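Report on the structure given below.
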Amino acid sequence: AAAAAAVSAATAAAASTSASTTASPPPILYGTAWKRERTCELVLAALRAGFRGIDTACQPKHYDEAAVGAALETSGLRRADLYVQTK
């Protein structure tokens with residue numbers, strides 16, 4: 001029961017966070033597929049170049065979402081200013 005309550009609380013927190021930090025979709029997104037071990041570095045470069053939309057997915061064969069997250073955190077940009085699309 002405690003585990004179910006923790007999952008429920010985490011789900012509610014995630015939903016409220018994503019709802020309050022949603023940016024409008026920009027006209028072009030930076031795609032993160034097939035970047036492998038360079039994902040973090042390349043996402044940071046895209047953000048520095050002005051991209052504010054990032055496309056990723058929970059498909060470990062082609063994407064590294066953890067590295068995308070690390071790049072977003074490292075960038076120093078506000079989450080509210082970014083549009084992150086995941087599938």
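Owing to the predicted nature of the structure, the values given are computational and were not obtained by experimental measurement.
Using a 4.5 Å heavy-atom cutoff, the side chains of L82 and L72 are in contact. Using a 4.5 Å heavy-atom threshold, the side chains of F51 and I28 count as touching. At least one side-chain heavy atom of K87 sits less than 4.5 Å from a side-chain heavy atom of D55. Within the 4.5 Å cutoff, side-chain heavy atoms of R52 are placed close to those of L47. No side-chain heavy atom of Q85 sits under 4.5 Å from any side-chain heavy atom of I54.
Judged purely by distance below 3.5 Å, without hydrogens or angles, the side chains of E65 and T86 pair a donor atom with an acceptor atom.
Distance CZ/R38 to CG/D64: 13.5 Å, rounded to 0.5 Å.
Qualifying side chain to side chain donor-acceptor pair (under 3.5 Å) partners for R48, counting only residues two or more places apart in sequence or in other chains: none.
Between A71 and C40, the shortest heavy-atom contact is CB-O, 3.6 Å. The two atoms that bring T74 and L44 nearest to each other are CG2-CD1, 4.1 Å, heavy atoms only.
For CD of Q59, the number of neighbouring non-hydrogen atoms (other residues, nucleotides, ligands) closer than 6.0 Å is greater than 12.
Note on residues 54-78: pairs passing ring-ring contact (aromatic ring centres under 6.0 Å, His included), not counting sequence neighbours, are W34-H62.
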